[in-house]
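Worksheet: the structure to be examined is printed underneath.
Hydrogens, waters and symmetry mates play no part in the numbers below; they use all other heavy atoms, side chains included. Here is how names work: the chains are called A, B, and so on, in the same order as the sequence lines, proteins then strands, and each is numbered from 1.
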There are 2 protein chains.
Amino acid sequence: MESATDAGAPPGLGFAAALVRMSHLVQHVFADVSRERDVTPQQAQLLCVLTSGDGVGMTDLSRLLHLEKPSLTGLVDRAERRGLVRRVRDDADRRACRVELTPEGEELAVRVHGEIVSRLEALAADLPGEDRLRVADTLTILLAQTR
Amino acid sequence: MESATDAGAPPGLGFAAALVRMSHLVQHVFADVSRERDVTPQQAQLLCVLTSGDGVGMTDLSRLLHLEKPSLTGLVDRAERRGLVRRVRDDADRRACRVELTPEGEELAVRVHGEIVSRLEALAADLPGEDRLRVADTLTILLAQTR
DNA sequence: TATTGTTATACTCTATAACTATA
DNA sequence: TATAGTTATAGAGTATAACAATA
């Protein structure tokens, strides 16, 4: 006996495998929602990161998104061309700039974020709230280690 | 009081947010391990999918990886050029082919998979085994809904 | 006619190396 | 000299439309 699943329940996946599979599922939700809103998943992720705080520098953004800076330059270029974000020159340090959401980008960010959250919550609709909470809390602990 | 986290514990993330954050973490583990082994994350994922079973058709593979078929053609082309997979013509249906791991591809797949699993398990090292099991089982249930 | 897979094409994403401008 | 960001370049990933070959 190596699993806590009852007879008749799905064959338990193993911790790492479950995380990997869940990660793929989340990726696909992200991809589906992005496609419906006519942005790429990468651009959607950029918008979501920009939702917190009012303007993020390119260096911070590249760390947050785990992208090399030239990759980020291109991503921001394309998002800017679509009118989703804008670069604002920093007066204090004239090398730097902050990237901000435009009103259009902000609206899109809210819609995409809301849709993703609602699809993931829907997935857990049949789950006892207690289990849902426990998963969220346990994952939160794991995530805190890698900050 | 809207969270079960104790005082001093990390601020609980919310179910959907926790899944999204965990997904990003898994993506980065995947990216790091792939890079160390000198393959792209997409190629690593292809190898992992091919580990189960001996040869998968392009149509099945495109469904498993959620890729349009022309995208898959390119991915398999590049992996084949690197000697990681090979296309084997299907004698029964001469339109079709099965994609198989080469010995080199199989060795790489095992290493990448093992490394990813071990890093994710390591992340949970401080977690009571009971919690780890509960998360795995709960996620398994969620995943089973979307098969 | 339907299905399997590829080709043609156009973008997007990403990294490395070299660069500009400011600190 | 170090830091913020960009440009140049090359390759990988992806999708849509059109196609070839076989069923």
Ignoring backbone atoms, establish whether B/Arg35 has a side-chain N or O less than 4.0 Å from OP1 or OP2 of C/dT16. yes
Grab the CG-C1' distance between A/Asp77 and D/dT7 for me, whole Å please. 10 Å
Nucleotide D/dT14, atom P - distance to CD of A/Gln27 in whole Å: 11 Å
A/Arg87 near the nucleic acid: base, sugar-phosphate alone, or nothing, with a heavy-atom cut-off under 4.0 Å? sugar-phosphate
Going only through I, L, V, M, F, W and Y residues with side-chain contacts under 4.5 Å, is there a path from A/Leu25 to A/Val117? no
Closest approach to the side chain of B/Pro70, judged atom by atom: which nucleotide of D/dG13, D/dA17, D/dT7 is it? D/dA17
Across the strands shown, which category fits A/Leu72 at heavy-atom distances under 4.0 angstrom: base, sugar-phosphate, nothing? nothing
Hey, does the side-chain of A/Arg95 have a donor or acceptor N/O within less than 3.5 Å of a partner on the base of D/dT3? yes
Among C/dT16, D/dT6, C/dT6, which nucleotide sits nearest the side chain of B/Met58? C/dT6
OP1 or OP2 of C/dT6 versus the side-chain N and O atoms of B/Thr73: is any pair under 4.0 Å? yes
Measure from the side-chain N and O atoms of A/His66 to the backbone N and O of A/Ser62, and report whether any donor-acceptor pair falls under 3.5 Å. no
Backbone N or O of A/Gly83 within a donor-acceptor pair of the A/Thr102 side chain at under 3.5 Å? yes
Using a heavy-atom cut-off of under 4.0 Å over every strand shown, decide if B/Ala92 touches base, sugar-phosphate, or nothing. sugar-phosphate
Looking for any heavy atom pair under 4.0 Å, which part of the strands does A/Asp90 touch: base, sugar-phosphate only, or nothing? nothing
Return yes if some donor-acceptor pair links the side-chain N/O of B/Ser23 with the main-chain N/O of B/Leu19 below 3.5 Å, else return no. no
If you find the nucleotide of DNA chain C closest to A/Lys69 and the one closest to B/Arg98, which residue's nucleotide is nearer the 5' end? B/Arg98
Counting only side-chain heavy atoms from C-beta out, which of C/dA15, C/dT12, D/dA23 sits nearest to A/Glu68? C/dA15
Round to the nearest Å and state the distance from B/Asp91 atom CG to D/dT22 atom C1'. 14 Å
Does a nitrogen or oxygen in the side chain of A/Ser71 sit under 4.0 Å from OP1 or OP2 of C/dA15? yes
Does a distance-only test, which skips hydrogens and angles, find a donor-acceptor pair under 3.5 Å between the side chain of B/Thr40 and the base of D/dA12? no
To the nearest angstrom, the CG-C1' distance between B/Asp32 and C/dA15 comes to 14 Å
Under 4.0 Å, heavy atoms only, any strand: does A/Arg82 hit a base, just the sugar-phosphate, or nothing? sugar-phosphate
Taking CD from B/Gln43 and C1' from D/dT14, how many angstroms apart are they, rounded to a whole number? 14 Å
Given atom CD of A/Gln45 and atom P of C/dT14, what is their separation to the nearest angstrom? 8 Å
Report the distance from atom CG of A/Leu46 to atom P of C/dT14, rounded to the nearest whole Å. 11 Å
Just call it for A/Thr59: base, sugar-phosphate, or nothing, with non-hydrogen atoms closer than 4.0 Å on any strand. sugar-phosphate
Counting only side-chain nitrogens and oxygens, does A/Arg94 get under 4.0 Å of the OP1 or OP2 atom of C/dA21? no
Examine distances only and state if a side-chain atom of A/Gln145 and a backbone atom of B/Leu123 form a donor-acceptor pair shorter than 3.5 Å. yes
Gap between atoms CZ and P, on B/Arg81 and D/dG13 respectively (whole Å): 10 Å
Short side-chain N/O contact to D/dG13 OP1/OP2 from A/Gln42, under 4.0 Å: no
Are A/Arg119 and A/Glu115 close enough for a salt bridge, meaning some N to O gap below 4.0 Å? yes
